*Asks:* 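Structure provided below as structure tokens; questions to follow.
It should be emphasised that the depicted structure is a prediction, and the values quoted were computed from it without experimental measurement.
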Amino acid sequence: MSQFPLQLKQYFFTQIECNANPEYRPEGTVNIDSKFVAAPSEDGPGVFTAELSMWVNEETSENPPYFIKISGFCVLQAAPDVSPEMANQLAVTSGAQVLVGAIREEIARLTARGPWGTFMLPLIPVSPPVPQQP
């Protein structure tokens with residue numbers, strides 16, 4: 001097996017929305033919802049895409065400092081000597097890890113100069129579905 005069985009080809013954000021809550025006071029709770037999807041790509045064998053969307057659930061959060069909606073998308077390439085089953089598993093777990101980290105950093109960057117200071121995402125449990133073979 002290759003030293004690097006999976007390579008990140010690119011990632012980008014497909015949606016970024018971050019609004020400060022003008023009514024914010026330093027008490028309350030923030031609930032983050034997420035949706036993760038990973039699937040084989042039509043761009044060739046061993047190519048996978050993953051998308052993670054996260055947002056502040058305004059109904060269940062109490063007085064959040066920011067109202068955030070953000071989606072990240074990435075393309076991953078499995079090494080030729082990696083089995084399709086292993087490539088699927090790697091794409092799901094690595095895609096989730098890459099996108100959670102990228103989104104966490106982007107939110108911190110967006111809010112660093114915001115009125116309520118840098119917003120750091122808590123640990124987000126992402127339960128990725130297993131992608132289906134094409």
Side-chain angles (χ1 to χ4, degrees):
M1 183 180 287
S2 298
Q3 182 181 359
F4 301 106
L6 192 69
Q7 182 179 26
L8 175 64
K9 300 301 274 182
Q10 64 179 333
Y11 78 90
F12 52 91
F13 299 102
T14 56
Q15 176 187 18
I16 299 175
E17 185 178 327
C18 181
N19 298 306
N21 179 358
E23 308 295 323
Y24 175 69
R25 298 292 174 262
E27 64 276 339
T29 59
V30 178
N31 293 315
I32 306 290
D33 288 341
S34 65
K35 178 183 177 187
F36 178 77
V37 178
S41 173
E42 295 177 2
D43 290 341
V47 179
F48 295 86
T49 61
E51 183 172 23
L52 174 63
S53 298
M54 298 178 131
W55 61 95
V56 171
N57 185 324
E58 295 181 36
E59 293 178 5
T60 62
S61 295
E62 182 181 320
N63 194 27
Y66 299 96
F67 300 106
I68 297 168
K69 294 179 185 173
I70 188 167
S71 296
F73 183 88
C74 71
V75 178
L76 304 156
Q77 172 73 56
D81 61 343
V82 174
S83 72
E85 295 78 22
M86 178 60 81
N88 275 332
Q89 186 176 3
L90 288 169
V92 169
T93 56
S94 298
Q97 291 173 8
V98 164
L99 292 172
V100 166
I103 287 172
R104 176 175 278 117
E105 290 298 315
E106 185 66 9
I107 289 173
R109 186 191 68 75
L110 287 170
T111 59
R113 292 183 176 257
W116 314 124
T118 303
F119 181 74
M120 295 297 291
L121 280 178
L123 293 177
I124 304 292
V126 176
S127 300
V130 176
Q132 300 298 312
Q133 288 290 341

*Asks:* Ignoring hydrogens, what is the shortest heavy-atom contact between Asn88 and Pro40? Give both atom names and the distance.
*Replies:* OD1-CG, 4.2 Å
*Asks:* Could you tell me whether the side chain of Leu110 reaches within less than 4.5 Å of the side chain of Phe119, counting heavy atoms only?
*Replies:*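 Phe119 vs Leu110: side chains apart.
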*Asks:* Kindly indicate whether the side chain of Glu27, heavy atoms from C-beta on, has any atom under 4.5 Å from the side chain of Asn63.
*Replies:* yes
*Asks:* Taking all non-hydrogen atoms of both residues, which atom of Ala108 and which atom of Met120 are closest, and how far apart?
*Replies:* CB-SD, 3.9 Å
*Asks:* Quick one about Asn57 and Asn31 (side-chain donor to acceptor, distance below 3.5 Å, no hydrogens or angles considered), yes or no?
*Replies:*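 Judged by distance alone, the side chains do not pair up.
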*Asks:* Within the structure provided, determine whether Trp55 and Lys35 are in side-chain contact (heavy-atom separation under 4.5 Å).
*Replies:* yes
*Asks:* Measuring only between side-chain heavy atoms, which start at C-beta, is Met54 closer than 4.5 Å to Leu121?
*Replies:* yes
*Asks:* Out of curiosity, Gln15 CD to Ile68 CD1, how far, rounded to the nearest 0.5 Å?
*Replies:* 11.5 Å
*Asks:* Which atoms form the tightest heavy-atom contact between Arg104 and Pro122, and what is the distance?
*Replies:* NH2-O, 2.7 Å
*Asks:* Measure the spacing between CG of Leu90 and CD of Glu85 and express it to the nearest 0.5 Å.
*Replies:* 11.5 Å
*Asks:* In terms of hydrophobic clusters joined by side-chain contacts under 4.5 Å, are Phe36 and Val56 together?
*Replies:*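 The answer is yes; both residues are in one hydrophobic cluster.
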*Asks:* Kindly compute the distance separating OG1 (Thr118) from CZ (Arg113), expressed to the nearest 0.5 Å.
*Replies:*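 It is 10.0 Å, given to the nearest 0.5 Å.
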*Asks:* Counting C-beta onward and ignoring hydrogens, is there a side-chain heavy-atom pair between Leu8 and Ser94 closer than 4.5 Å?
*Replies:*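 Not touching, per the 4.5 Å side-chain cut-off.
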*Asks:* For residues Val92 and Ala38, report the shortest heavy-atom separation together with the two atoms involved.
*Replies:*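 Nearest pair, atom of Val92 first, then Ala38: CG2-CB, 4.0 Å.
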*Asks:* Do Leu6 and Val82 make a side-chain contact, defined as non-hydrogen atoms from C-beta onward lying under 4.5 Å apart?
*Replies:* no
*Asks:* If you define the side chain from C-beta out and look only at heavy atoms, does anything of Ser34 sit under 4.5 Å from Leu52?
*Replies:* yes
*Asks:* Nearest heavy-atom pair of Thr111 and Tyr66: which atoms, and what distance?
*Replies:* O-OH, 3.7 Å
*Asks:* Should the pair Tyr24 and Trp116 be assigned to parallel (<30°), tilted (30 to 60°) or perpendicular (>60°) ring geometry?
*Replies:*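 Tilted, since the angle between the ring planes falls between 30° and 60°.
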*Asks:* As an exercise, state the distance from CD1 of Ile16 to CD of Glu106, rounded to the nearest 0.5 Å.
*Replies:*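 One finds 4.5 Å between CD1 of Ile16 and CD of Glu106.
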*Asks:* Rounded to the nearest 0.5 Å, how far apart are NZ of Lys69 and CG of Asp33?
*Replies:*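 The CG atom of Asp33 is 11.5 Å from NZ of Lys69, to the nearest 0.5 Å.
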*Asks:* Closest approach of Thr60 and Thr29, non-hydrogen atoms and distance?
*Replies:* O-OG1, 4.2 Å
*Asks:* Do Ile107 and Val98 share a hydrophobic cluster, counting only Ile, Leu, Val, Met, Phe, Trp and Tyr and linking them when any side-chain heavy atoms are less than 4.5 Å apart?
*Replies:* yes
*Asks:* So, do Ile103 and Phe13 sit near enough that their side-chain heavy atoms are less than 4.5 Å apart?
*Replies:*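 Ile103 vs Phe13: side chains touch.
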*Asks:* Has Tyr11 got more than 12 heavy atoms of other residues, nucleotides or ligands less than 6.0 Å from its OH?
*Replies:* no
